[in-house]
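Contents: one structure, followed by commentary.
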Amino acid sequence: MGILSRASYVIRSKVNALLNRAEDPTESLDYSYEQMRDELQDVKQGIADLTTQKKRLEIQKRKLEENVEKHNRQAREAVQQDRDDLARKALEKKKSKMAQIEELEGQIAKLNDTQEQLVEKKNKLQNRIEEFRTKKETMKARYEAAEASSRVSEAMTGVGDEMEDVSRSIERAEERTEEMEARAEAMDELEDSGAFEDALSDKDSIDRELESLSTNSEVDAELETLKGELGKGEPASDDGEASSDEEIDDELADIESEIDSDDLEADLEGDSEGDEEVDVELEESEVDADEQRN
């Protein structure tokens, strides 16, 4: 196979594949039906033309027959007037017209046979067209049902072209969303780390770090003060060890003074209770003495 023949074969195959993909069976059936109807119309037109020609011949035949009758009358009149020569001429014309009539009859018979054949073919073609029309509608219904079933199946299984586009759109949306989420997290991380300078502030990263340390120191100092007020303070470092010891001594002294005051109050309460008991006993003894004197 030569290059040109191969190229021609490839081109024809490509064109055929394109036509197969572009062809709609329902449209092809409708087109075929219209073509058959056009053929039927052509046959009807042919029959009409043929019938017209036959009618023209029949008209011509009737005129010839009228001429034959005319020539017969002329021949009789010529014989009655003893004009054999005129009678002969009239009969010769009659014979010529009779030959033409015979020829026309043959042509009319042939046209009539052709007309009958065409009418028979027209009837057969019309029956075929009616059968094709019924089959066409049936095939269209089957094709549309199969196409609808195929679309539903493709939609349910997700293998159709449109569902493939939808799946791809969902994938692109998910990829875009993940990309935006990762970018947002990256921006938050960079902002927390101070990698991005605040456009509205004149402080750099060192200033912000020192500020953070100062804030933490103030918070620690306030926490230590609060712990000291609640008696839960702890030594912060070796440098403050002496001050911490003095504070502990002061606290111990306060505790001892509180303990001594508590003991003194307890003793005083005990003494008052003892004095009351003594007074009660003295009163009882005085009462007994008075009773004995009486």
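Using modelled atom types, one finds no donor on one side chain facing an acceptor on the other under 3.5 Å when comparing K93 with N67.
When atom types are taken as modelled, the side chain of N127 and the backbone of N123 share a donor-acceptor pair closer than 3.5 angstrom. For T134 (side chain) and E130 (main-chain N/O), a donor-acceptor pair under 3.5 Å exists by modelled atom type. Under the 3.5 Å distance criterion, the side-chain polar atoms of T114 are matched with a main-chain donor or acceptor of K110.
To the nearest 0.5 Å, atom CD of residue Q115 and atom CG of residue D49 are 11.5 Å apart. Atoms NZ and CD, from K61 and E105 in turn, are 3.5 Å apart once rounded to the nearest 0.5 Å. Interatomic distance, L64 CG to E103 CD, rounded to the nearest 0.5 Å: 10.0 Å. From Q126, atom CD reaches atom CZ of R37 across 10.0 Å, with rounding to the nearest 0.5 Å. A distance of 10.0 Å separates CG of L50 from CD of Q117, quoted to the nearest 0.5 Å. With rounding to the nearest 0.5 angstrom, the CD atom of Q60 is 5.0 Å from the CG atom of L104.
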Subject >> Pair R73-E69, side chain to side chain contact (heavy atoms under 4.5 Å, CB included): steps then yes or no >> reply: CA-CA 6 Å; R73 289 194 304 271; E69 292 296 330; 4.1 Å; yes
**OP:** Carefully, step by step, assess M98 and K94 under the rule side chain to side chain contact (heavy atoms under 4.5 Å, CB included).
**Re:** CA-CA 6 Å; M98 291 291 294; K94 175 185 174 183; 4.2 Å; yes
**OP:** Take Q74 and L86 through the side chain to side chain contact (heavy atoms under 4.5 Å, CB included) test and state the conclusion after the steps.
**Re:** CA-CA 8 Å; Q74 290 174 349; L86 292 177; over 6 Å; no
Subject >> Steps toward side chain to side chain contact (heavy atoms under 4.5 Å, CB included) verdict (L57, K54) >> reply: CA-CA 5 Å; L57 294 178; K54 186 182 73 170; 5.7 Å; no
**OP:** Determine, stepwise, if the pair K55 / E58 fulfils salt bridge (charged side-chain N to carboxylate O under 4.0 Å, His left out).
**Re:** CA-CA 5 Å; K55 291 299 181 182; E58 289 177 350; 3.6 Å; yes
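The pair R176-E179 counts as a salt bridge, with a side-chain nitrogen and a carboxylate oxygen less than 4.0 angstrom apart. Using a cut-off of 4.0 Å between Lys/Arg side-chain N and Asp/Glu carboxylate O, E175 and R172 are scored as not salt-bridged.
Residues Q35 and D38 are in side-chain contact: their nearest non-hydrogen atoms beyond the backbone lie under 4.5 Å apart.
Minimum interatomic distance between L29 and F132 (heavy atoms only, all atoms of both residues): O-CE2, 3.7 Å. Shown here for A90 and A75, the closest heavy-atom pair between the two residues is CB-N, 3.7 Å.
Under a hydrophobic-cluster definition in which Ile, Leu, Val, Met, Phe, Trp and Tyr are linked whenever side-chain heavy atoms come within less than 4.5 Å, directly or via other members, V79 and V68 are assigned to different clusters.
Around the NZ atom of K89, the shell of radius 6.0 Å holds no more than 12 heavy atoms that belong to other residues, nucleotides or ligands.
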